[in-house]
Amino acid sequence: MNASTNANIDDIPVCAIAAGVYPIGDHTSEVSRPAHTVHLASFAIAVHCVTNQQFTAFIADGGYFDNRYWTAMGWRWQRVQQKNEPAFWRDPRFNQPDQPVVGVCWYEAMAFTRWLREQTKRAWRLPTEVEWEAAARGAARGAGNTAPLIDLSRLNSAELGMGHPWAVQHGAVSWCGAVNLLGNVWEW
């Protein structure tokens, strides 16, 4: 891997999330768990989604064909699928270098994360669902605080009608400084 590609993955900024109590779920959604709180240990989450440019380094380094990076089930999936790039990789609506990588399944996301951990010597992993929601929503707030958690006008959603994701640095910023934890693309 060349130095310029390596610098791109070595300098991924993160948001530190303090240990504490976080609200999860809600009472109005049919797909969410009921509202409750959880106690979380401290963790960090990347400020931005993985970009196409960052994922290119994984592809160029042979990540799709190196079983060291794949879970056992993921490697079986990969042997059947014979993928060498994400879905939509060649679609100009989704393949700009600073856009978030799209069209990756959980197995591909896990393989990339394991590869990234090896390349950077940092403890990268996918966040849990609870960690993701805590990073998006923030810590438990006092009763009566009805201020919006995020500026909804900064969300790229189907209702906006863009038809493509924004660059990773553009969009709604959560309380911790992470961008696009809501909207733009589905993420692992």
Side-chain angles (χ1 to χ4, degrees), residues 1-20 22 24 38-78 81 83-89 94-138 165-188:
M1 178 179 314
N2 68 39
S4 63
T5 303
N6 205 12
N8 187 31
I9 62 169
D10 283 337
D11 300 329
I12 297 172
V14 298
C15 301
I17 311 294
Y22 293 87
I24 303 298
V38 294
H39 296 269
L40 288 175
S42 62
F43 66 98
I45 193 165
V47 170
H48 303 109
C49 304
V50 174
T51 65
N52 288 319
Q53 183 177 16
Q54 292 163 333
F55 205 85
T56 296
F58 169 73
I59 294 170
D61 203 32
Y64 270 96
F65 305 104
D66 191 334
N67 69 345
R68 293 177 301 155
Y69 305 127
W70 296 79
T71 64
M73 287 298 296
W75 189 242
R76 276 189 245 154
W77 174 88
Q78 171 56 354
Q81 297 296 317
K83 295 253 190 186
N84 60 7
E85 61 191 30
F88 312 112
W89 190 249
F94 304 110
N95 69 2
Q96 300 308 303
D98 60 349
Q99 284 179 314
V101 66
V102 299
V104 294
C105 73
W106 185 83
Y107 297 132
E108 291 164 292
M110 282 295 293
F112 174 81
T113 303
R114 288 175 169 192
W115 171 84
L116 184 63
R117 184 176 15 203
E118 181 179 284
Q119 299 301 311
T120 64
K121 308 300 185 231
R122 293 173 68 187
W124 292 107
R125 64 176 175 80
L126 296 177
T128 67
E129 180 182 359
V130 169
E131 289 170 337
W132 185 276
E133 190 168 342
R137 292 178 79 154
W166 287 333
V168 298
Q169 67 275 13
H170 181 74
V173 179
S174 79
W175 68 277
C176 69
V179 180
N180 284 319
L181 291 176
L182 300 171
N184 212 29
V185 295
W186 286 96
E187 301 173 45
W188 293 110

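All residue numbers in this chain count up from 1 along the given sequence. When reading the values below, keep in mind they use all heavy atoms of this one structure, side chains included, and skip hydrogens, waters and symmetry mates.
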Looking only at non-hydrogen atoms, find the nearest pair between V102 and P165 and report the distance. CG1-CG, 4.5 Å
Taking the side chain as every heavy atom from C-beta outward, state whether T120 and I12 have any pair of such atoms under 4.5 Å apart. no
Minimum heavy-atom separation for N180 and V168, please, with both atom names. ND2-O, 3.8 Å
To the closest 0.5 Å, what do you measure between CE (M110) and CH2 (W75)? 15.0 Å
Euclidean distance, E133 CD relative to T128 OG1, rounded to 0.5 Å: 10.0 Å
Any idea which heavy atoms bring G177 and C15 closest together, and the distance? C-SG, 3.5 Å
Any side-chain heavy atom of L126 within less than 4.5 Å of one from W132? no
Looking only at heavy atoms, the pair that brings A135 and W175 closest together is O-NE1, 2.9 Å
In short, A136 meets S174 closest at the heavy-atom pair O-CB, 3.9 Å
Kindly write out the residues that satisfy salt bridge (Lys or Arg N to Asp or Glu O under 4.0 Å) with R117, not counting sequence neighbours, or none if the list is empty. none
Residues two or more places apart in sequence or in another chain: which of them pass side-chain contact (heavy atoms from CB on, under 4.5 Å) with A134? Y22, L40
Once side chain to side chain donor-acceptor pair (under 3.5 Å) is applied, do any residues pair with Y64, and if so which ones, sequence neighbours excluded? E108
Once side chain to side chain donor-acceptor pair (under 3.5 Å) is applied, do any residues pair with E118, and if so which ones, sequence neighbours excluded? R68, Y69
With rounding to the nearest 0.5 angstrom, report the CG to CD distance, N8 to Q53. 4.0 Å
D98: what forms a side-chain contact (heavy atoms from CB on, under 4.5 Å) with it, not counting sequence neighbours? Q96, A167, Q169
Applying ring-ring contact (aromatic ring centres under 6.0 Å, His included), name anything that partners F88, two or more places apart in sequence or on another chain. F94
Looking at CG of N67 and CZ of R76, how far apart are the two atoms once the value is rounded to the nearest 0.5 Å? 12.5 Å
With Q78, which residues qualify under side chain to side chain donor-acceptor pair (under 3.5 Å), at least two apart? none
Looking only at side chains, do D61 and W115 share a donor and an acceptor under 3.5 Å apart? yes
Minimum-distance pair of heavy atoms, taken over all atoms of G63 and W70: O-NE1, 2.9 Å
Could you tell me the separation between the CG atom of L116 and the CZ atom of F58, rounded to the nearest 0.5 Å? 10.5 Å
Test your reading of the model: is there a side-chain donor-acceptor pair from N95 to the backbone of W89, 3.5 Å cut-off? yes
For V50, side-chain contact (heavy atoms from CB on, under 4.5 Å) partners two or more places apart: Q54, F55, V101, F112
First locate atom CD1 of I9, then atom OG1 of T56, and finally report the distance between them rounded to the nearest 0.5 Å. 11.5 Å
Got a sec, which residues hit side-chain contact (heavy atoms from CB on, under 4.5 Å) with V14, two or more places apart in sequence or on another chain? A44, R122, W124
With sequence neighbours left out, what residues match T113 under side chain to side chain donor-acceptor pair (under 3.5 Å)? none
